[in-house]
Amino acid sequence: MTLLGKLTWQAIPLHEPLPLFSGAAVVIIMVAIVAWVVIKGYLPYLWREWITSVDHKRIGVMYCILAGVMLLRGFIDAIMMRTQQVMAYNAPGFLPPSHFAQVFSAHGTIMIFFVAMPFVIGLMNVIVPLQLGVRDVAFPTLNSVSFWLTAAGALLVNLSLVVGEFDRTGWLPYPPLSELAYSPGVGVDYYCWSLQISGVGTLMTGINFVTTILKLRAPGMHYTRMPMFCWTALASNLLIVAAFPVLTATLAMLLLDRYVGFHFFTDTGGGNSMMFMNLIWAWGHPEVYILVLPAFGIYSEVVSTFSSKPLFGYRSMIYATMAICIISFMVWLHHFFTMGAGADVNAIFGIASMIIAVPTGVKIFNWLFTMYGGSVRFTTPMLWSIGFIVTFAIGGLTGVLLAVPPADFQLHNSVFLVAHFHNVIIGAVIFGVFAGYVYWFPKAFGFTLDERLGKWAFWLWLIGFWVAWGPGYVVGLEGMTRRLQHYDVAEWHPWLVVAEGGVLIILLGIIAQIAQIVVSVRTREQRRDVTGDPWDGRNLEWATASPPPPFNFAVLPDVTDQEPYWDMKARAREIGQLTRPEPEYQPIHMPRNSPTGFVTAFLAVVSGFALIWHIWWLVVLGLAGAYATFVVFAWRDHDEELIPAEEVARLDRANRAVRSAALHHRQLRREVETQREPRQ
Amino acid sequence: MSSDPNRFEQFDLGSHVGEDRVLGEAPSELHPPTLRSELRGYLIGLVLAAALTAASFWALDEHVIYGPGIVMALIVFGLAQVGVHLAFFLHLTTAPDNANNALALAFGVLIVSLIFFGSIWVMFHMNQHMIPARALMEMRGG
Amino acid sequence: MSAASTALRAGSDPYHIGHGPSTGVPEYTGHGAGGPAPKRIVVGYGFWIFILSDVILFSCFFATYTVLIEARNGGPGPQQLFDLHNTAVETACLLLSSFSCGMTSLAVARHNLLWSEITLAITGLLGLTFIGLEVHEFLGLVAQGAGPTRSAFLTSFFALVGCHGVHVTAGLLWLGTMMAQFPAKGFKQTILHRYLCFSLFWHALDIIWIGIFTVVYLIGTITP
């Protein structure tokens, strides 16, 4: 028993050049950024406007930035894996097995938990309250805590690069391999604690958004007038609330096994490792839909806006979404058909898995029919959406193949499976968040992104994806299993070289996206979105300024239609002026900034680190700090601040002015057109 | 939908028009809620819950209930008691103002049943078809 | 404030059986379409969702217990280990504490500080007794060599019942904080909301316990 638990100098990878180099690079970059911020004097601004902010838009942006940074980290892992498999034909390659195992584990963990999740949650944060026409989410401070806990989890995962090691068991730590007997290092502990911490954050996000969507909506917004993105966000957050406790419980059981010698999943003592598969997939399958449903919502918004038509089959879309929400909880066994539960169990779960393709198909047809007969504008978000429909249809079909138990027995654990889930996660989730990112960027920042580079990024990603993962299906059918550090099958090698090429094309796509940001920021004055409605949008997020004022709406909009803003614009055009006369402005109460989230995350990182390295006194200290934070937070008296009526009036009058101007401009144009008509 | 533009003039984060109910507060049918009427509700709940608990412990005695039916009886008593708690302590009702609460509960019950019975079903079948790990250890002479 | 909400505030129940909805009653009750709900409703609903998620967490431990109940590893089973008298006393403690928590709700609704504190103290003492009994039971089991590391069955037992015990302990910490807050802060809105959440939490713990004494102790004891 030492003061620092298991932590010694051995934990720093001084003897392994690759981790040492990458770890040092990460540390140097982070220190450099912090130093730059401090020297430039940005710290007070960052602290005041971002770190302690409880504004849903700011939190959403921070989520998306976290996701973007982690995407780069996860993508570096991807390049390393592809390169290793190109080099390791009858050769050891450049990654030793222990390091290769950490890389594929980290890649999966990061891409799911710290890229896809924060990106989806970030977009929901920015947009859902705006679309609902309200001022913020139900629990703004809790929202900040959620974000910072997610960031804390991400920090712990990255810390494992420098101090100790990461988990080597894959993105899901299957026992008995992940038990102490076979994984005595701290890798699995890093995995478990970072996911426990970020999982609590995600659960609180789920609670927050379910409450927001069900209890805070603009007056008149019935369930059947809610935008599709809000519906899918509701379904996704219901799934978070239902599924994340299962993840917490399962990882807690594994931790109990590892820390205090319990026998949930061990080989000895009567433990049953298959119970872990059962529980983790009872979380894992809904997780897939937690990610993909909001993406479906984004496509619905994008397709409808850029086809200049209402969403086709709005009600059937709601039914499909909620059906997926429920059925996604009845199919988890298809992840382990080969466990041996027998033909009857497998058959029922196989059929349920195929049934879930039905509502998904309904959605695809709805998007197609929305485009049909519309005047489609092929903007970047629309390209992502069309690319998604094609890619996802194929990915979904390979999923249906895998849902057939006899086929699954052949394909289980092969690269075919890996190709399938990359096909749906990249093709649906990642394309979706990119579509949403380009679509809503002007709303969050007040200027549009460069379209030309955006289209380059799209084509590079789409082609790169197919070149990278098309071969995956082939080598999978040729019998290549997943996670191979080296191999000696000549037929696989050319395909893996092609896949490496695909990854490099995606790399070019990512470079195009970074260039897109740089170029757009530099030319932001030319691309200002002064109207707040750059795409001729249909829902309430476009009814307010870009970027929206802190209170979103000076007076909550009055919803009378399924497409509230489209309806407002139509009525305004009819009567030739804005639908509502200028209101009497009132001061607005908004929640005050709070450092609670940041402090909680700091304590979470400290406790998590202490738990990983068995530094028990620090654990006690961290928990005591958490309770103290709770009490201090509970004791606060002033949790709101007032935005004076003059400020509200100033911001809202500006918004009204540009909208009137746009309206008159439009009318003028129409008058000119009608005068011209008789001559033709 | 009202077209009166002033109707929703003052929407702060916390203002409202329609009001749903919160669980745990005085039941909505008591207006105004008197101490006596509320206390009576809690007392009825306490007596019912105590009676159901007693029934559960009593059912364990094999001579009272047909042996194989005991488990079923215990489950019924347990579920009934959960119902008593929900109705008399949390004041959950089926009125429209409770719709969200009841729907959320229904969703929760569905998920809990899927996880609980689903896991048992899956694992039972697996144990039947596969040699349990411990039996394997014993065969190896472990 | 519109006339409709003032009418509701006054306490007339629009859905009183036998009375049709009176005029001015919003048509959106239960559908949340009448504009954002008041803070009280939002807080209560959010916490109700949290409790449901917590119940789902417990369902995993219940499932694991049921799956592993026969995995004794040559060790003792429920029949040899469980003392149902202890369980009965624990059950009584929690049921009474749930009732006294209800009494606190009545006192809090009437802004009666003295009775609020007294009933909270009773709730807390009953909770402490429960925890004491549970710890006593656990120590007894460990002393006879039936600790959580003995077998998978005991692992799942200690985890499920212990998880509930941890929740009760957290509830007691919260209860202590509430007892300090009522006199310090008075019955202001935020404190009332927090108490509402606490009472939901405490009642939910008792509901979980119904599952535990039924599945773990009673059904467990008749499992061969």
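Each chain gets a letter, A, B and so on, in the order the sequences are listed, and its residues count up from 1.
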A.B. asks: Test side chain to side chain contact (heavy atoms under 4.5 Å, CB included) on C:Val161 and C:Phe61; report intermediate values, then the result.
C.D. replies: CA-CA 9 Å; C:Val161 181; C:Phe61 285 98; over 6 Å; no
A.B. asks: When the ring planes of C:His164 and C:Phe130 are compared, do they come out parallel, tilted or perpendicular, using 30° and 60° as the limits?
C.D. replies: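 Ring orientation, 0 to 90° scale: perpendicular.
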A.B. asks: Heavy-atom distance under 4.5 Å to chain B: side chain of C:Phe58, backbone, both or neither?
C.D. replies: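 Neither part; nothing is under 4.5 Å.
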A.B. asks: Heavy-atom pairs under 4.5 Å with chain C are the metric here; pick the option from B:Phe116, B:Phe117, B:Tyr42 that has the most.
C.D. replies: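 Ranked by heavy-atom pairs under 4.5 Å with chain C, first place is B:Tyr42.
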A.B. asks: Side chain from CB out, backbone as N, CA, C, O: work out which of these in B:Ala54 comes under 4.5 Å of a heavy atom of chain C, or both, or neither.
C.D. replies: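 Looking at B:Ala54, nothing touches chain C.
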A.B. asks: Just say parallel, tilted or perpendicular for the rings of B:His125 and B:His129, cut-offs at 30° and 60°.
C.D. replies: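 Ring orientation of B:His125 relative to B:His129: parallel.
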A.B. asks: Of the listed residues (B:Val84, B:Leu46, B:Ile115, B:Leu86), which shares the most heavy-atom pairs with chain C below a 4.5 Å separation?
C.D. replies: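 If we count pairs closer than 4.5 Å to chain C, B:Leu46 comes out on top.
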A.B. asks: Hey, can you tell me if C:Phe50 and C:Phe47 have their rings parallel, tilted or perpendicular (30° and 60° cut-offs)?
C.D. replies: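 Ring orientation, 0 to 90° scale: tilted.
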A.B. asks: Report which part of B:Leu79 has an atom under 4.5 Å of a heavy atom belonging to chain C: side chain, backbone, both, or neither.
C.D. replies: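 No part of it gets close to chain C.
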A.B. asks: Between C:Val215, C:Leu196, C:Val108, which shows the greatest number of heavy-atom pairs under 4.5 Å with chain B?
C.D. replies: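 Most heavy-atom pairs under 4.5 Å with chain B: C:Leu196.
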A.B. asks: Using non-hydrogen atoms and a 4.5 Å limit, figure out which bit of B:Ile120 sits close to chain C: side chain, backbone, both or neither.
C.D. replies: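 Both parts, heavy atoms under 4.5 Å.
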A.B. asks: Chain C heavy atoms under 4.5 Å from B:Leu103: which part of the residue, side chain, backbone, both or neither?
C.D. replies: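 Looking at B:Leu103, nothing touches chain C.
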A.B. asks: Considering only heavy atoms, which portion of C:Ile49 lies under 4.5 Å from any heavy atom of chain B: side chain, backbone, both, or neither?
C.D. replies: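 Side chain of C:Ile49 only, per the 4.5 Å heavy-atom cut-off to chain B.
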A.B. asks: Distance check, rounded to the nearest 0.5 Å: C:Asp83 atom CG versus C:Glu137 atom CD?
C.D. replies: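 These two atoms lie 7.5 Å from each other.
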A.B. asks: So which of C:Thr214, C:Ile210, C:Val55, C:Ile207 has the largest heavy-atom pair count under 4.5 angstrom toward chain B?
C.D. replies: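 That would be C:Ile210.
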A.B. asks: At a heavy-atom separation under 4.5 Å, does C:Thr87 approach chain B through its side chain, its backbone, both, or neither?
C.D. replies: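 Backbone plus side chain of C:Thr87, per the 4.5 Å heavy-atom cut-off to chain B.
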A.B. asks: Tell me which of these, C:Ser199, C:Ala152, C:Ser98, has more heavy-atom pairs under 4.5 Å with chain B than the rest.
C.D. replies: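 Answer, by heavy-atom pair count under 4.5 Å with chain B: C:Ser98.
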A.B. asks: Show your working on side chain to side chain donor-acceptor pair (under 3.5 Å) between B:Ser56 and B:Thr53 and close with a plain yes or no.
C.D. replies: CA-CA 5 Å; B:Ser56 291; B:Thr53 306; over 6 Å; no
A.B. asks: Is a side-chain donor-acceptor pair under 3.5 Å present for C:Thr123 with C:Ser97?
C.D. replies: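 No - no donor-acceptor pair under 3.5 Å links their side chains.
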A.B. asks: So which of C:Ser53, C:Ala92, C:Ala88, C:Ala109 has the biggest tally of heavy-atom pairs under 4.5 Å with chain B?
C.D. replies: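 Counting heavy-atom pairs under 4.5 Å, the top option is C:Ala88.
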A.B. asks: Does either side chain, that of C:Gln189 or that of C:Arg40, offer a donor lying less than 3.5 Å from an acceptor on the other one?
C.D. replies: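 No, C:Arg40 and C:Gln189 have no side-chain donor paired with an acceptor closer than 3.5 Å.
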A.B. asks: Pairing donors with acceptors under 3.5 angstrom, does anything connect the side chains of B:His91 and B:Asn98?
C.D. replies: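 No, B:Asn98 and B:His91 have no side-chain donor paired with an acceptor closer than 3.5 Å.
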A.B. asks: Can you say whether B:Leu52 sits under 4.5 Å from chain C via the side chain, the backbone, both, or neither, judging by heavy atoms?
C.D. replies: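 No part of B:Leu52 comes within 4.5 Å of chain C.
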A.B. asks: If you count heavy-atom pairs under 4.5 Å between each of C:Cys60, C:Gly102, C:Cys101 and chain B, which one has the most?
C.D. replies: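 If we count pairs closer than 4.5 Å to chain B, C:Gly102 comes out on top.
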A.B. asks: Can you name the one residue among C:Tyr195, C:Trp202, C:Phe198 that meets ring-ring contact (aromatic ring centres under 6.0 Å, His included) with C:Trp174?
C.D. replies: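 So, applying the ring-ring contact (aromatic ring centres under 6.0 Å, His included) to C:Trp174 and each of C:Tyr195, C:Trp202, C:Phe198, only C:Phe198 qualifies.
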A.B. asks: Looking at chain B, which one of C:Leu106, C:Val67, C:Leu52, C:Ile56 has the largest number of heavy-atom pairs inside 4.5 Å, strictly under?
C.D. replies: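 If we count pairs closer than 4.5 Å to chain B, C:Leu106 comes out on top.
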A.B. asks: Is the distance between the ring centroids of C:Phe82 and C:Phe157 less than 6.0 Å?
C.D. replies: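 Yes, the ring centres sit under 6.0 Å apart.
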A.B. asks: Is chain C contacted by the side chain of B:Leu90, its backbone, both, or neither, given a heavy-atom distance below 4.5 Å?
C.D. replies: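 Looking at B:Leu90, just its side chain touches chain C.
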